[in-house]
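Let me begin by presenting the structure, written as structure tokens, before commenting on it.
Computed from heavy atoms alone, side chains included, the values below leave out hydrogens, waters and symmetry copies. Ligands are counted one by one from 1 in listed order, and the atoms in each one are counted from 1 as well. All residue numbers in this chain count up from 1 along the given sequence.
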Amino acid sequence: MNNFTLVDHPLIKKDLTILRDTNTSTELFRSAVYRISNVLCVEVSKKFLLTQKEIETPLEKTIGFELSKQIVLIPILRAGLGMVNGFLELIPNAKVGHIGLQRNEETLEPIEYYFKTPQELEDSEVILLDPMLATGGSAVEAINYVKKRGVKNLYFVCIVAAPTGIEKMQKHHPDVKIFAAALDRQLNDKGYILPGLGDAGDRTFGTL
Ligand code: PRP
Ligand code: URA
């Protein structure tokens, strides 16, 4: 699949097992999301552009590097919020926007309720965060929004992806690089990912 990276790592496999387990507490669920997000951040950031700069060590001049572009994280509310701190730990100067989308449980269509992103998105590297890529409706809608603001360097990072969601993304936004910690089998008739981990927002915030 073009532009789809499945991040295969023993620490992800171990923490994904914690997420999938229905007996996992909210506290342990959150901490596993945090650690997986950390590993995903390392993987996505391999694509970041660098600019060389001359610096002086205490001994002599040498060449170092800095990130060429501002990094902007955009969690899709609510569940995407759980992934933010795992990214901010490694990119502490990232800006953070928010996109509020909620799936209608009958139609599975995303309903928009909040948008707030930094002004200068066009020249930034923008990372959308949402643990679940199910039908793909929310991801496609969020990307439509940021593309209208001129974003060119765009990544979508999730924890669990379903084939339906990836197909929808490749149809509507084939240029966006997708990173996932797991590619699951299918959706059930209510649009939940199987085997999945249930409702990521409810499990993150204890609203089950
Ligand atoms: C979940 C999830 C995604 C969306 C994925 O959010 O966090 O945003 O569903 O489904 P899709 O690919 O079929 O659009 P939800 O709408 O349940 O909102 P929440 O995070 O507030 O619980
Ligand atoms: N949203 C979730 O939180 N979980 C799913 O399995 C699908 C969509």
| said: Test salt bridge (Lys or Arg N to Asp or Glu O under 4.0 Å) on Asp184 and Arg20; report intermediate values, then the result. | reply: CA-CA 11 Å; Asp184 277 10; Arg20 291 194 194 279; 2.8 Å; yes
| task | Tell me whether Val151 is reachable from Phe179 by hopping between hydrophobic residues (I, L, V, M, F, W, Y) whose side-chain heavy atoms are closer than 4.5 Å. | result |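 No; Val151 is not reachable from Phe179 via cluster members.
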| query | Can a cation-pi geometry be assigned to Arg103 and Tyr192, taking NZ or CZ under 6.0 Å from the six-membered ring centre and within 45° of the ring axis? | reply | yes
| task | Using a strict 4.0 Å cut-off to heavy atoms of Ala134, name the atoms of ligand 2 that fall inside it. | result |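 Answer for ligand 2: 7 (C), 8 (C).
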| What are the two closest non-hydrogen atoms of Asn93 and Gln70, and how far apart are they? | O-NE2, 3.2 Å
| query | Where is the tightest heavy-atom contact between Ala139 and Leu133, given as atom of each residue plus distance? | reply |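 So the two residues come closest at CB-CD1, 3.6 Å.
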Give the residue, atom name and distance (to 0.1 Å) of the protein heavy atom nearest [atom].
atom: atom 6 (O) of ligand 2; result: Ile193 N, 2.8 Å
atom: atom 8 (C) of ligand 2; result: Arg103 NH2, 3.4 Å
atom: atom 5 (C) of ligand 2; result: Tyr192 CD2, 3.4 Å

| query | Going by the angle between their ring planes, with limits at 30° and 60°, are Tyr145 and Phe115 parallel, tilted or perpendicular? | reply |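 Parallel, since the angle between the ring planes stays under 30°.
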| query | Side chain or backbone of Ala200 under 4.0 Å from ligand 2, or both, or neither, by non-hydrogen atoms? | reply | both
So do [Y] and [X] actually touch side chain to side chain, heavy atoms under 4.5 Å?
X: Thr62; Y: Ile55; answer: yes
X: Lys47; Y: Tyr155; answer: yes
X: Leu88; Y: Val96; answer: yes

Check each N or O atom of ligand 1 against all protein N or O atoms and list the pairs under 3.5 Å, with atom names and distances to 0.1 Å, one per line.
from: ligand 1; atom 1: 7 (O); to: Asp130; atom 2: OD1; distance (Å): 2.8
from: ligand 1; atom 1: 8 (O); to: Asp130; atom 2: OD2; distance (Å): 2.5
from: ligand 1; atom 1: 12 (O); to: Ala134; atom 2: N; distance (Å): 2.9
from: ligand 1; atom 1: 12 (O); to: Thr135; atom 2: N; distance (Å): 3.1
from: ligand 1; atom 1: 12 (O); to: Gly136; atom 2: N; distance (Å): 2.8
from: ligand 1; atom 1: 13 (O); to: Arg103; atom 2: NH1; distance (Å): 2.7
from: ligand 1; atom 1: 13 (O); to: Thr135; atom 2: N; distance (Å): 2.9
from: ligand 1; atom 1: 13 (O); to: Thr135; atom 2: OG1; distance (Å): 2.5
from: ligand 1; atom 1: 14 (O); to: Ser138; atom 2: N; distance (Å): 2.9
from: ligand 1; atom 1: 14 (O); to: Ser138; atom 2: OG; distance (Å): 2.6
from: ligand 1; atom 1: 16 (O); to: Arg103; atom 2: N; distance (Å): 2.8
from: ligand 1; atom 1: 20 (O); to: Arg78; atom 2: N; distance (Å): 3.0
from: ligand 1; atom 1: 20 (O); to: Ala79; atom 2: N; distance (Å): 3.1
from: ligand 1; atom 1: 21 (O); to: Arg78; atom 2: N; distance (Å): 3.2
from: ligand 1; atom 1: 21 (O); to: Arg78; atom 2: NE; distance (Å): 2.9
from: ligand 1; atom 1: 22 (O); to: Arg78; atom 2: NH2; distance (Å): 2.9

| query | Is the shortest N/O to N/O distance between Gly198 and ligand 2 below 3.5 Å? | reply | yes
Please state whether [X] comes within less than 4.0 angstrom of ligand 2, counting heavy atoms only.
X: Arg203; result: no
X: Pro131; result: no
X: Gly191; result: yes

| task | Check step by step if salt bridge (Lys or Arg N to Asp or Glu O under 4.0 Å) holds for Asp202 and Arg78. | result | CA-CA 9 Å; Asp202 284 342; Arg78 290 174 299 165; 3.0 Å; yes
